[in-house]
Amino acid sequence: MSTELPLAKVSLPAPSALLSGKQTGAGVAEWSGPDPAAAVETHLRNIVPALESLRAESARLALWGEELARRLLAGNRLLAAGNGGSAAEAQHLTAELVGRFDGERAPFSAISLHADTSAVTAIANDYGFEELYARQVRAHGRPRDILMLLSTSGKSPNLLRAARTAARMGVTTWALTGRGPNPLSLSCDETIAIDGPAANAQECHLIALHAICRAFDAEVSRHGLRETRRRP
């Protein structure tokens, strides 16, 4: 028979104490102390201004979804790329398009450029990590395809090279970044920059992708769920 030890009572500070982190511009709080509860509270508070900056881009999100649907219905393709957590979100977007979002519809051509591990490791080994996505854009991209690049910093060299390569090929470039302007936002045709810390920006990127999918599905539905044409 085991003996259970009594759990120690944990007293959390009052909300006013949790909100005592240093304030920065746009209502963003920074916490540099060791208090875990305060760190969580600060993180959650910072979601609000980040979401507001995303909400201000709602019209652009709708336009992106509509344009993406028109391009893919015409037989073009989406390419997507990011690093780390942004790579996971890029793959999340392509999965929604090749599979489905939340309604039945035709599948569409969308490729996450980091998902082919053999290509990724071969290119990184032979040409360097900075060339990782640019070389794949040259391989897969065609005029009027769309390249979606995700980066909280907006400074990743491999994404910047991919954007420049896409521009030379007539591939449209869209970026989701953290605070702007940044090098990636200045290198792409259109950008939505989230005004918030990196973690909160990345959380808003997922919401942005889902919003794009909503507009995408609405536009596809308006066209009668027809299948995409095959490339010649």
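Everything numeric in this text was worked out from a predicted model, so none of it was measured.
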*With side chains defined as the heavy atoms from C-beta onward, is the minimum distance between L72 and V220 less than 4.5 Å?*
no
*Rounded distance [0.5 Å steps], CZ in R142 versus CG in L79*: 9.5 Å
*asked:* Regarding R138 and E131, does a basic nitrogen lie under 4.0 Å from an acidic carboxylate oxygen?
replied: yes
*Does a side chain donor of either S53 or R179 reach within less than 3.5 Å of an acceptor in the other side chain?*
no
*For residues A162 and V137, report the shortest heavy-atom separation together with the two atoms involved.*
CB-CG2, 4.2 Å
*Just wondering, do I111 and V98 contact through their side chains at under 4.5 Å, heavy atoms?*
no
*When you measure from the side chain of Q136 to the backbone N and O of L132, does any donor-acceptor pair fall under 3.5 Å?*
yes
*Residue pair D145, R71: steps toward the side chain to side chain contact (heavy atoms under 4.5 Å, CB included) verdict*: CA-CA 7 Å; D145 284 351; R71 300 268 186 112; over 6 Å; no
*Can you check whether F101 and H210 have ring centres sitting under 6.0 Å from each other?*
yes
*Check whether any side-chain heavy atom of S153 sits under 4.5 Å from a side-chain heavy atom of N182, and report yes or no.*
no
_Strictly below 4.0 Å, N to O, side chains only: are R105 and D217 in salt-bridge contact?_
yes
*Might you work through the side chain to side chain contact (heavy atoms under 4.5 Å, CB included) test for R214 and E219, ending with a clear yes or no?*
CA-CA 9 Å; R214 292 280 180 207; E219 183 67 10; over 6 Å; no
*To the nearest 0.5 Å, tell me how far I192 CD1 sits from E57 CD.*
5.0 Å
*Test log, rule side chain to side chain donor-acceptor pair (under 3.5 Å), inputs R135 and Y127*: CA-CA 9 Å; R135 188 168 182 84; Y127 299 96; 3.2 Å; yes
*Should the pair E96-R100 be classified as a salt bridge under the 4.0 Å nitrogen-to-oxygen rule?*
no
*asked:* Is the shortest side-chain heavy-atom distance between P181 and T191 below 4.5 Å?
replied: no
*Assign the ring pair W64 / W174 to parallel, tilted or perpendicular, where the plane angle (0 to 90°) is split at 30° and 60°.*
parallel
*Going by heavy atoms in the side chains, are M148 and I212 under 4.5 Å from each other?*
yes
_Whether R45 and E41 form a salt bridge (side-chain N of Lys/Arg under 4.0 Å from carboxylate O of Asp/Glu) is what I want to check._
no
_Test log, rule side chain to side chain contact (heavy atoms under 4.5 Å, CB included), inputs L97 and F216_ = CA-CA 9 Å; L97 297 174; F216 178 92; 3.7 Å; yes
*asked:* To the closest 0.5 Å, what do you measure between CG (L147) and CG (L113)?
replied: 6.5 Å
_Point-to-point distance, once rounded to the nearest 0.5 Å, from NE2 of H140 to OG of S109_ = 10.0 Å
_Under a plain distance cut-off of 3.5 Å, with no hydrogens placed, do T94 and S112 share a side-chain donor-acceptor pair?_
yes
*For the residue pair L54 and I207, establish whether any side-chain heavy-atom pair is separated by less than 4.5 Å.*
yes
*Note, Q202 side chain near S86 side chain (heavy atom, < 4.5 Å)*: yes
_From CD1 (I194) to CD (E52), nearest 0.5 Å_ = 11.0 Å
*asked:* As an exercise, state the distance from OG1 of T177 to NZ of K155, rounded to the nearest 0.5 Å.
replied: 11.0 Å
_Quick one, F129 with N83, criterion side chain to side chain contact (heavy atoms under 4.5 Å, CB included). Give me CA distance, side-chain angles, the key distance, then yes/no._
CA-CA 11 Å; F129 197 74; N83 295 295; 3.7 Å; yes
*asked:* When you compare the side chain of Y133 with that of H114, does any pair of heavy atoms fall below 4.5 Å?
replied: yes
_Please say yes or no: joined through hydrophobic side-chain contacts below 4.5 Å, possibly via intermediate residues, are L68 and L206 part of one cluster?_
no
*asked:* Minimum heavy-atom separation for A201 and G196, please, with both atom names.
replied: CB-O, 4.3 Å
